[in-house]
Amino acid sequence: DETVVALGAFGAPQAFGFTSINISLFNADLVETIEYSFNGIDIHGRLKVGEAISMDNRAQTGIYLRTVSSNPASYRLAAY
């Protein structure tokens with residue numbers, strides 16, 4: 001089967017306004033899986049409901065976020 005199902009596109013990045021040293025992301029939603037990207041093209045990771053990730057020594061100026069279903073989701077993001 002060569003059917004291609006497109007996921008929702010990454011929108012504008014969540015700009016930090018500075019270059020981060022560490023990034024923490026928590027999926028606080030009750031239903032949605034969140035995908036994140038650092039370039040807006042490649043999926044660098046996924047967080048299922050209740051999952052969190054902390055990325056140390058991650059120099060970034062922003063992060064792209066989306067849900068697999070393209071529905072809104074609740075999350076917590078900290079960059080420092």
Side-chain angles (χ1 to χ4, degrees):
D1 186 351
E2 294 181 298
T3 304
V4 176
V5 178
L7 297 177
F10 284 109
Q14 298 275 28
F16 301 150
F18 58 91
T19 301
S20 68
I21 297 172
N22 300 306
I23 301 170
S24 294
L25 180 60
F26 171 66
N27 183 351
D29 204 76
L30 300 175
V31 178
E32 298 295 332
T33 295
I34 295 174
E35 297 178 328
Y36 60 91
S37 173
F38 295 109
N39 62 13
I41 299 168
D42 302 309
I43 298 170
H44 291 102
R46 290 182 179 92
L47 294 176
K48 294 180 182 176
V49 172
E51 288 186 331
I53 188 168
S54 182
M55 297 167 266
D56 298 332
N57 301 314
R58 187 73 201 207
Q60 298 292 325
T61 57
I63 190 170
Y64 296 81
L65 301 171
R66 72 178 181 191
T67 59
V68 173
S69 67
S70 298
N71 290 326
S74 299
Y75 63 90
R76 292 186 208 133
L77 172 65
Y80 46 98

Participant: For a 4.5 angstrom cut-off between non-hydrogen side-chain atoms, does I23 reach L77?
Facilitator: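 They are in contact (side-chain heavy atoms under 4.5 Å apart), so the answer is yes.
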Participant: Side chains of Y75 and L65: closer than 4.5 Å at any heavy-atom pair?
Facilitator: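 Yes, close enough: below the 4.5 Å cut-off.
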Participant: Measuring from atom CG of N57 to atom CD1 of I21, what distance do you get when rounded to the nearest 0.5 angstrom?
Facilitator: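 Atom-to-atom, N57:CG and I21:CD1 are 8.5 Å apart.
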Participant: Would you give the length of the straight line joining atom CG of N27 to atom OG of S74, rounded to the nearest 0.5 angstrom?
Facilitator: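 Going from CG on N27 over to OG on S74, the span is 8.5 Å.
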Participant: Do E32 and S69 pair up side chain to side chain, a donor and an acceptor below 3.5 Å, judged on atom types alone?
Facilitator: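 Short answer, yes.
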Participant: For D29 and A73, work out which heavy atoms get closest and say how close.
Facilitator: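 Of all heavy-atom pairs spanning D29 and A73, the closest is OD1-CA, 3.3 Å.
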Participant: T67 versus E35: any side-chain heavy-atom pair under 4.5 Å?
Facilitator: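 Of all side-chain heavy-atom pairs linking E35 with T67, none is under 4.5 Å.
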Participant: Can you sort out the partners of A52 under side chain to side chain contact (heavy atoms under 4.5 Å, CB included), two or more places apart, ordered by chain and number?
Facilitator: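 Only F26 meet the side chain to side chain contact (heavy atoms under 4.5 Å, CB included) criterion with A52.
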Participant: Between atom CD1 of I63 and atom CG of N39, what is the distance when rounded to the nearest 0.5 Å?
Facilitator: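 These two atoms lie 11.0 Å from each other.
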Participant: Search all heavy atoms of S24 against all heavy atoms of Y80 and return the closest pair with its distance.
Facilitator: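 It is OG-OH, 3.7 Å.
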Participant: Between CD of Q60 and CE of M55, what distance do you get to the nearest 0.5 Å?
Facilitator: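 Interatomic distance, Q60 CD to M55 CE, rounded to 0.5 Å: 8.5 Å.
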Participant: Does a donor on one side chain and an acceptor on the other come within less than 3.5 Å for Y36 and Q14?
Facilitator: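 Checked: Y36/Q14 side chains show no N/O donor-acceptor pair below 3.5 Å.
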Participant: Are S37 and I43 close enough that some pair of their side-chain heavy atoms sits under 4.5 Å apart?
Facilitator: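 With C-beta onward as the side chain, the pair stays apart.
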Participant: Cation-pi check, R58 to F38: give yes when NZ or CZ is under 6.0 Å from the six-membered ring centre and within 45° of the ring axis, no otherwise.
Facilitator: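 That pair qualifies as a cation-pi contact.
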Participant: For the residue pair L25 and L47, establish whether any side-chain heavy-atom pair is separated by less than 4.5 Å.
Facilitator: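 Yes, side chains in contact.
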